[in-house]
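Chain letters run A, B, ... following the sequence lines, proteins first and then strands; every chain starts at 1.
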Number of protein chains: 2
Amino acid sequence: MSNQSGSLAGALAACCSPLAEEPLGPARAVELARAFKALGDPARLRLLSLIASHPGGEACVCDVSDGFDLAGPTISHHLKVLREAGLISGERRGTWVYYRADPGALGRLSDLLAIAGSGAAQPPEAASA
Amino acid sequence: MSNQSGSLAGALAACCSPLAEEPLGPARAVELARAFKALGDPARLRLLSLIASHPGGEACVCDVSDGFDLAGPTISHHLKVLREAGLISGERRGTWVYYRADPGALGRLSDLLAIAGSGAAQPPEAASA
DNA sequence: TCGCTGTATCGACGAACGTCAAAGCAAGAG
DNA sequence: CTCTTGCTTTGACGTTCGTCGATACAGCGA
């Protein structure tokens, strides 16, 4: 399990001019879409939030499972999706498995949207709308 | 068509403490997930980027369709998904329909991830673990 | 008016997704 | 070693999604 079992190891690492700066090539779009798709489920969004907001910055599955109406395997599945998207990493310590959010990956996704939201290609409606 | 035909009109408007600050309630998770899901497709990501990066901040469907291997109806479908997610808005001017990215919606999604990526719940891995 | 071009909706198909129960593996307790 | 607990994997089911062709609508020009 270690870090990421998936494919995007470096996908979010070598990131990307902001959305509005240049058209975003097909290949990069595929990798970024995989990350956003991982965020595109309420359960995963809550899991990620729960992990990121947990004291110490990490949470074990047992901490996180309470408050969900989902079966154990489903939780595990969602955590795997987040892991393979490079958004969290998991580590087994004794009996329990601890997950932790990846600040870098989240930050890069944030940057991708941020600049688009504030700066580039300045919509002429500057102050309006 | 006007602005958003969909459901999230205000969903992204009244946004949200950052991901790592507090656990993100179920209801809000559903609405945010809808936005991220809209970003979770390579074609839509490229479309959004193409629109956002287009000179003037807006692009008509014809501008955007070139360079895609997708049929017309499919492009139209993806634009509709982005529109219903509140990420773009469309306006018909004569024969053509022009789309424009919504900086506010993108910015709020960005903020949601940004703080999580930099600040809160500071992972103590610095010294501990 | 008719026809043409640009865009959207409809209906259908295959693929991917979210979910669960059952079974499997890892680690500690007895 | 065996049992129990925590988590993951497997296999299956129904639903949603991405894609397309056919069709319909909107606006312009002849």
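Distances were taken from every side-chain heavy atom of Lys37(B) (C-beta onward) to each of dC17(D), dA8(C), dT7(C); the shortest belongs to dC17(D). Taking only side-chain atoms of Ala71(B), from C-beta outward, the nucleotide of dA8(C), dG6(C), dG21(D) with the closest atom is dG21(D). Of the candidates dA8(C), dC7(D), dT19(C), dC7(D) carries the atom nearest the Cys62(A) side chain, counting heavy atoms from C-beta on. Closest to the Arg83(A) side chain, of the nucleotides dT8(D), dG6(D), dT19(C), is dT8(D). Checked against dT9(D), dA8(C), dT19(D), the side chain of Ala43(B) finds its nearest nucleotide in dT19(D).
Look at Tyr98(A) and you won't find any side-chain N or O under 4.0 angstrom from OP1 or OP2 of dG6(D). Note on Tyr99(B): a side-chain N or O is less than 4.0 Å away from OP1 or OP2 of dA8(C). Side-chain N/O atoms of Thr74(A) include one lying less than 4.0 angstrom from OP1 or OP2 on dC20(C). Distances shown here put every side-chain N or O of His77(A) at or beyond 4.0 Å from the OP1 or OP2 atom of dC17(C). For Arg92(A) and dG6(D), the shortest distance from a side-chain N or O to OP1 or OP2 is not below 4.0 Å.
Following rounding to the nearest Å, Ile88(A) (CD1) and dC7(D) (P) show an atom-to-atom distance of 13 Å. With rounding to whole Å, Phe68(B) atom CZ is found 14 Å from dT19(D) atom C1'. We find that NZ of Lys80(B) is positioned 16 Å from P of dT19(D), with the value rounded to whole Å. At whole-Å resolution of the value, NE2 in His78(A) and C1' in dC20(C) are 11 Å apart. Separating the CZ atom of Arg44(B) from the C1' atom of dG18(D) is a distance of 8 Å, rounded to the nearest angstrom. Going from atom CG of Asp41(B) over to atom P of dA15(C) covers 17 Å, rounded to whole Å. If you take CG of Leu39(B) and P of dC17(D), they are 15 Å apart, rounded to a whole angstrom. Atom-to-atom, CD of Glu91(B) to P of dA26(D) comes out at 17 Å; the value is rounded to the nearest Å.
A distance of 5.0 Å separates CG in Leu70(B) from CD1 in Ile75(B), rounded to the nearest 0.5 Å. Distance CG/Leu45(A) to NE2/His78(A): 11.5 Å, rounded to 0.5 Å.
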If you apply the rule side-chain contact (heavy atoms from CB on, under 4.5 Å), what do you find for Leu112(B) with Phe36(B), and how did you get there? CA-CA 11 Å; Leu112(B) 192 81; Phe36(B) 282 122; 3.9 Å; yes
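Heavy atoms of Arg93(B) sit nowhere under 4.0 angstrom from any nucleic acid atom. Residue-level contact check: Ser76(B) touches the bases, meaning some heavy atom is under 4.0 Å from a base atom. Here Leu70(A) lies in heavy-atom contact (under 4.0 Å) with sugar-phosphate atoms only. Looking at heavy-atom distances under 4.0 Å, Asp63(B) makes no contact with the nucleic acid at all.
Closest-nucleotide positions on DNA chain C for Gly40(A) and Leu79(B) were compared, and the one nearer the 5' end corresponds to Leu79(B).
Looking only at distances, no side-chain donor or acceptor of Arg44(A) sits under 3.5 Å from a matching main-chain atom of Leu39(A). Not a single donor-acceptor pair under 3.5 Å links the side chain of Ser110(B) to the backbone N or O of Leu113(A). Listed for the Ser65(A) side chain is a donor-acceptor partner under 3.5 Å among the backbone atoms of Val61(A).
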